[in-house]
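Note sheet for the following structure.
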Amino acid sequence: MHVFNRIGLAGMLWLGLSIPLFSQTPVQKHGALRVEGNQIVDKNGQPPQLRGISFSWSIWGGRKYYTTDVVDHLCKDFRTTLLRASMAVQPDSGYLQQPEAQMALITRVVDQAIKNGVYILIDWHDHNADQHLQESKAFFRAMAQRYAGNPQVIYEIWNEPERQTWPVIKAYSEEVIREIRTYDPKNLIIVGSPHWDQDVDVAAADPIKGQTNLAYSFHFYASEPYHQDGLRAKAEKAMQLGLPLMVTEWGVGESSGDGKFDREQNRIWLNWMEKHRLSWVNWNITDKKETTAILQPGAPTNGKWAKEHLTPAGLYIKNELIQLQVN
């Protein structure tokens, strides 16, 4: 019996055996992404269903993992096709205080993702982006000038509006979109929605008009009691109204980032995303002692993570990515 049949694909990867799973990189396979109706599609007109992991806040315990080695490891070992660079804005040491340092962290990760042929979300990780409109426009102006025309780059212009109404979010988004489109007329832009990117049905009732290639972020935490059938129904209503969605953040635990890890609820959510062919990124790359962290405390920053460096969430997500990417 062949070793592949005995231990399976995931086991071979854990053993460090080299398996040429993909004859093409994700960008070679899918090309430029665009919106058609209520779906994000690739160069062939098919939903690419990209999957991967989000870097944590680019401060605190997450900052040390913003390395080229980590990007390489996630692409090769976790088989990610989509990554997310979550640039902290408002907290201490974030973009408002250290714009050059934060820009350097983000571009390092984005450039390495491009080299690996995967897609990358540039995330303005801010709950109060409406208070920082000019800073956001300046940042995305620089990003659009640097990455215009590169189909791997996706702009996520407001992570999780907290308590702002849709008219406030919409007005902010329209200004930032116009700024990006001055320099990059085509690349995909992801727009936030009220209540931590959950009220996508509200955005769907009054979507942004006059711009192309826009989709909307949808977030959930799979074990959170309040993030179950009712939240899926909101997303389904939004899609029925014509809104294209991308799950730019979801976690295996509860909305606090901690709490229980309910595998049954996770399976329901994963099956739901597969059914609707939604691209997603899981939260998050940090070694904080928290349910949704994929790394154990002290995990190396060079990305060479052995099994013992991964938390239950990390082991679970790695296995899901490997199985889903090859099926």
Side-chain angles (χ1 to χ4, degrees), residues 9-10 12-13 16-35 39-55 58 65-87 104-123 143-156 180 184-190 213 215 246-249 273-274 277-282 284-285 294 301-305 317-327:
L9 174 63
M12 292 184 76
L13 287 169
L17 301 180
S18 178
I19 307 170
L21 294 179
F22 301 119
S23 59
Q24 298 175 298
T25 66
V27 72
Q28 287 171 339
K29 180 178 180 181
H30 297 295
L33 305 178
R34 67 183 191 277
V35 169
Q39 285 190 313
I40 299 167
V41 300
D42 64 11
K43 65 181 182 180
N44 304 309
Q46 298 298 314
Q49 196 162 23
L50 307 168
R51 309 176 188 91
I53 302 180
S54 178
F55 283 78
S58 57
Y65 294 106
Y66 276 71
T67 70
T68 56
D69 288 338
V70 166
V71 174
D72 292 343
H73 185 76
L74 291 168
C75 295
K76 295 177 175 63
D77 200 55
F78 281 65
R79 315 308 296 181
T80 57
T81 54
L82 175 65
L83 293 172
R84 180 182 188 232
S86 303
M87 190 186 70
L105 288 172
I106 298 306
T107 54
R108 178 192 303 158
V109 165
V110 174
D111 291 349
Q112 197 66 17
I114 290 169
K115 289 179 183 177
N116 277 273
V118 304
Y119 294 84
I120 177 77
L121 282 153
I122 300 176
D123 163 33
M143 293 296 97
Q145 288 173 326
R146 183 181 180 106
Y147 297 114
N150 188 309
Q152 294 164 249
V153 173
I154 304 167
Y155 308 103
E156 184 180 1
I180 292 171
D184 188 341
K186 293 184 178 179
N187 276 24
L188 186 63
I189 297 174
I190 308 295
N213 235 21
M246 178 182 281
V247 180
T248 61
E249 181 180 315
M273 289 189 287
E274 291 297 303
R277 303 185 72 179
L278 295 174
S279 294
W280 56 258
V281 283
N282 180 261
N284 65 326
I285 303 166
I294 74 161
T301 58
N302 62 6
K304 300 187 185 304
W305 303 322
I317 292 301
K318 179 178 181 181
N319 182 67
E320 289 296 325
L321 284 168
I322 291 170
Q323 298 301 326
L324 287 168
Q325 308 295 32
V326 299
N327 288 337

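For this chain, numbers begin at 1 and follow the sequence in order.
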Rounded to the nearest 0.5 Å, what's the gap from [atom1] on [X] to [atom2] on [Y]? Could you check?
X: His73; Y: Ile285; atom1: NE2; atom2: CD1; answer: 10.0 Å
X: Lys29; Y: Asp42; atom1: NZ; atom2: CG; answer: 8.5 Å
X: Gln39; Y: Gln49; atom1: CD; atom2: CD; answer: 10.0 Å
X: Ile154; Y: Ile122; atom1: CD1; atom2: CD1; answer: 9.5 Å
X: Gln152; Y: Thr81; atom1: CD; atom2: OG1; answer: 11.5 Å
X: Met246; Y: Met273; atom1: CE; atom2: CE; answer: 12.0 Å

Original post:
Is Leu188 close to Tyr119 at the side-chain level, that is, under 4.5 Å between some pair of heavy atoms?
Top reply: no
Original post:
Are side-chain heavy atoms of Met143 and Asp184 found at a separation under 4.5 Å?
Top reply: no
For the side chain of [X] and the backbone of [Y], is there at least one donor-acceptor N/O pair under 3.5 Å apart?
X: Asn282; Y: Ile53; value: no
X: Glu249; Y: Asn284; value: no
X: Asn44; Y: Gly31; value: no
X: Ser279; Y: Pro48; value: no
X: Asn302; Y: Lys304; value: yes
X: Glu156; Y: Leu121; value: no
X: Arg84; Y: Asp123; value: no
X: Asp69; Y: Thr301; value: no
X: Arg51; Y: Leu82; value: no

Original post:
In terms of side-chain heavy atoms, does Asp72 have a donor or acceptor partner in Asn116 at a distance below 3.5 Å?
Top reply: yes
Testing the basics here: between [X] and [Y], what is the closest heavy-atom pair and its distance to 0.1 Å?
X: Ala85; Y: Val109; result: CB-CG1, 4.2 Å
X: Asn187; Y: Val153; result: ND2-O, 3.0 Å
X: Ser86; Y: Phe55; result: OG-O, 3.0 Å
X: Ile40; Y: Ala215; result: CD1-CB, 3.8 Å
X: Val27; Y: Pro151; result: CG2-CG, 3.9 Å
X: Ala113; Y: Ile120; result: CB-CB, 3.9 Å

Subject >> Short N-O contact, Asp77 and Lys318, less than 4.0 angstrom >> reply: yes
Subject >> Of Val71, Val118, Leu83, the residue whose pairing with Gln112 passes side-chain contact (heavy atoms from CB on, under 4.5 Å) >> reply: Val71
Original post:
Is the number of heavy atoms from other residues, nucleotides or ligands under 6.0 Å of Lys43 NZ greater than 12?
Top reply: yes
